[in-house]
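Notes to accompany the following structure.
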Protein chains: 2
Amino acid sequence: MDNRTGHRIVPETAAPRGDRLAERHAAARYGNRPTMKDVAARAGVGLKTVSRVVNGEPGVTADTERRVQEAIEALGFRRNDSARVLRKGRTASIGLVLEDLADPFYGPLSRAVEEVARAHGALLINGSSAEDPDREQELVLALCARRVDGLVVIPAGDDHRYLEPELRVGVATVFVDRPAGQIDADVVLSDNFGGARDGVAHLIAHGHRRIGFIGDMPRIHTAAERLRGYRTAMADAGIPVTDSWTSLGVTDPQRVRRAAEEMLSGPEPVTAIFAGNNRVTVTVVRVLAERSRPVALVGFDDFELADLLQPGVTVVTQDAAQLGRTAAERLFSQLDGALLTPERTELPTRLITRGSGELPPAD
Amino acid sequence: MDNRTGHRIVPETAAPRGDRLAERHAAARYGNRPTMKDVAARAGVGLKTVSRVVNGEPGVTADTERRVQEAIEALGFRRNDSARVLRKGRTASIGLVLEDLADPFYGPLSRAVEEVARAHGALLINGSSAEDPDREQELVLALCARRVDGLVVIPAGDDHRYLEPELRVGVATVFVDRPAGQIDADVVLSDNFGGARDGVAHLIAHGHRRIGFIGDMPRIHTAAERLRGYRTAMADAGIPVTDSWTSLGVTDPQRVRRAAEEMLSGPEPVTAIFAGNNRVTVTVVRVLAERSRPVALVGFDDFELADLLQPGVTVVTQDAAQLGRTAAERLFSQLDGALLTPERTELPTRLITRGSGELPPAD
DNA sequence: CTGAAAGCGCTTACAG
DNA sequence: CTGAAAGCGCTTACAG
């Protein structure tokens, strides 16, 4: 019997699983976690003394401390940080809003932000916007409502005025990968323009003139910058660009495949392709693998195994982890009150030649 | 001249950047975000009326509501969820502790957990344990102190008794990928044993008898199960296993490379390798690419571009997203009070043949 | 339809 | 060395 049904009381260690879980469940429903007040009562001390012990503050005799510790363990007390936060102001947590945690570019970036947060004693709350501006805003504001100390945002939208009340009130904010829209905020970027320009110039240097560009939706800053890099490299070489050589849009395999196949057919097919990001590159590699005539390829973003493909894939690489680390460090500088002026930080890209970008035109 | 120095007041839109930021900074220092009390004062209503409007509760005239809304916008009010949580009990957030967000296996898993959380109106807080049991415990307890409603854990350690007080008090918990140690908790796993056994049997069916196994540290449940699958397949085929054919340990490239090279040299080299996870597989692919004699390979875990390598890499695949989704759904079932008995859920694996696993022994 | 009072579980500021 | 009181910003339970 247990105490509710009036039957025999079974020691907890011997209790059948169902009973223990029912207990657990009841506990959950009534939310009866022990509080400092409970600990104080059990230890026969005041509330403030418990607080001192829990927070390792000085001014408690060894004997008192021991009694409090015993009560803490007996009750299974754990400080409620929600209450603490309410009093102290800071939550020791930061928010990260990105496009998709499952993307191999954002995983390392997120991890890097987490490591910096950890070094500052903060937890990371993250959310994926799925490239949807409304969802980005929803997430950002939910994080603000939780009173995160700061926010790292890889924006999906291009209007961030909804953040103004938060900024005014002191929420530290750093944008990464793409700049904020309509507001003045810190941003850490890769040199998307320069990287793309160099990658395309590399293809031109290897004899190509009909070069295609397949990128993400033009409203995405990185996509627009890389396209600009492509156009600049072509213009610098005095090569006029035909409309059919550029294709921007969602980067799902179907669309990219179609775009690549169109550029590669017709009377004047491209002899080389510049792929605007890792997802595009991978799909283009698949398309090229099905064709007999060699086509040169340079992709923006490095990816695992790029060196093991035949030929190895030449890429313009950016350092996702460094992007995250830099942004997070700036965020904590803001929180320390060190930074007053929003700044734009641009990290360099690097060309890695592996074969695909050095193929001559198959004319 | 601004209001602090006593000089001319410049309208905010025209204020030099530094001044606006100084203001922002001052606001942050004093933490003076508007509260419901401020809104109530400005709108000339009671606190409870503001609460009603903010939470969309009925019983407010259109006119009153409008006045409150105006005050909210004028002040840039945003409800403080920390305070709300303190009163309501639930935080509408769940925690996810995994090994490394940057690992291509965990990214999709994390994203899947996030999607389920989102469908239940909850945010996701995640942390990487870096395969360190102490760090796992630290993270889990920090999440409990924040009073997450539930916890999804990919454990690094093998003793989770530290969670007992939390479980007793009703924190919903689901383990994923590996079971909990020393406590009774829900767990969602892949069929690591069966998957590895089938993969090795596949190599045996293609004529191999000297088959190597390279896996993760044996204290990791998945590594131990996959090794058991390997041994079982070998035993089922009546093939005695030589010690030098199995190598378990950290999966960094250096160690894996050395392990592979040792198995592939000597008087009786292996003719096939079973790689215990995605990181191992990738390194083994590199080692094999440097050798002239073909060696068969089957890897546990699928990875991008496995089909484009020469030969394509045969793998045993598990569904990381499905693992995360299943775990998160079970977590919310627990929170809804539906589940009373901890359960073990095992998801199937699948063999994908692409060439590398069908190579005959090069004897 | 509206609001004053009490309380969630802590920390702060102060007094003994 | 120790503790009672006030308050963080909300919601709950209740009264008008």
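Chain A is the first sequence line, chain B the second, and so forth, proteins listed ahead of strands; every chain is numbered from 1.
- Evaluation of the salt bridge (charged side-chain N to carboxylate O under 4.0 Å, His left out) rule for Glu73(B) yields no partner, not counting sequence neighbours.
- Contact check of residues 62-70 of chain B against DNA chain C (heavy atom, cut-off under 4.0 Å) returns Thr64(B).
- In this structure, of dC1(C), dC1(D), dG3(C), it is dC1(C) that holds the atom nearest to the side chain of Thr61(B).
- With sequence neighbours excluded, no residue satisfies ring pair (Phe, Tyr, Trp, His ring centres under 6.0 Å) with Tyr106(A).
- Asp159(A) meets the salt bridge (charged side-chain N to carboxylate O under 4.0 Å, His left out) test with Arg161(A); sequence neighbours excluded.
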(message) Does the protein touch nucleotides 10-16 of chain C at the base, only the backbone, or not at all? Give it as B, S and - per nucleotide, heavy atoms under 4.0 Å.
(response) BBB----
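- Here Phe332(B) pairs with His120(B) under the ring pair (Phe, Tyr, Trp, His ring centres under 6.0 Å) rule; sequence neighbours left out.
- A close approach under 4.0 Å does not occur between any side-chain nitrogen or oxygen of Thr49(A) and OP1 or OP2 of dT2(D).
- Partners of Ser93(A) under the side chain to side chain donor-acceptor pair (under 3.5 Å) rule, at least two apart in sequence or in another chain, are Thr91(A).
- Considering only residues two or more places apart in sequence or on other chains, Thr326(A) meets the side-chain contact (heavy atoms from CB on, under 4.5 Å) condition with Val188(A), Gln322(A), Thr345(A), Leu347(A).
- Across all strands shown, Val45(A) has heavy atoms under 4.0 Å from sugar-phosphate atoms exclusively, and none from any base.
- For Arg79(B), the salt bridge (charged side-chain N to carboxylate O under 4.0 Å, His left out) partners are Asp81(B), not counting sequence neighbours.
- Rounded to an integer number of Å, the gap from CZ of Arg33(B) to P of dG7(D) is 23 Å.
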(request) Give DNA chain C the dot-bracket treatment, 5' to 3': Watson-Crick (N1-N3 with N6-O4 or O6-N4) or G-U (N1-O2, O6-N3) under 3.5 Å, [ ] crossing, | other strand. (result) |||.||||||||.|||
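- Applying the salt bridge (charged side-chain N to carboxylate O under 4.0 Å, His left out) rule to Arg67(A) yields the partners Asp63(A); only residues at least two apart in sequence or on another chain are considered.
- The stretch residues 116-125 of chain A participates, sequence neighbours left out, in these salt bridge (Lys or Arg N to Asp or Glu O under 4.0 Å) pairs: Arg118(A)-Glu138(B).
- Rounded to the nearest 0.5 Å, atoms CZ (Arg33(A)) and CG (Asp38(A)) are 11.5 Å apart.
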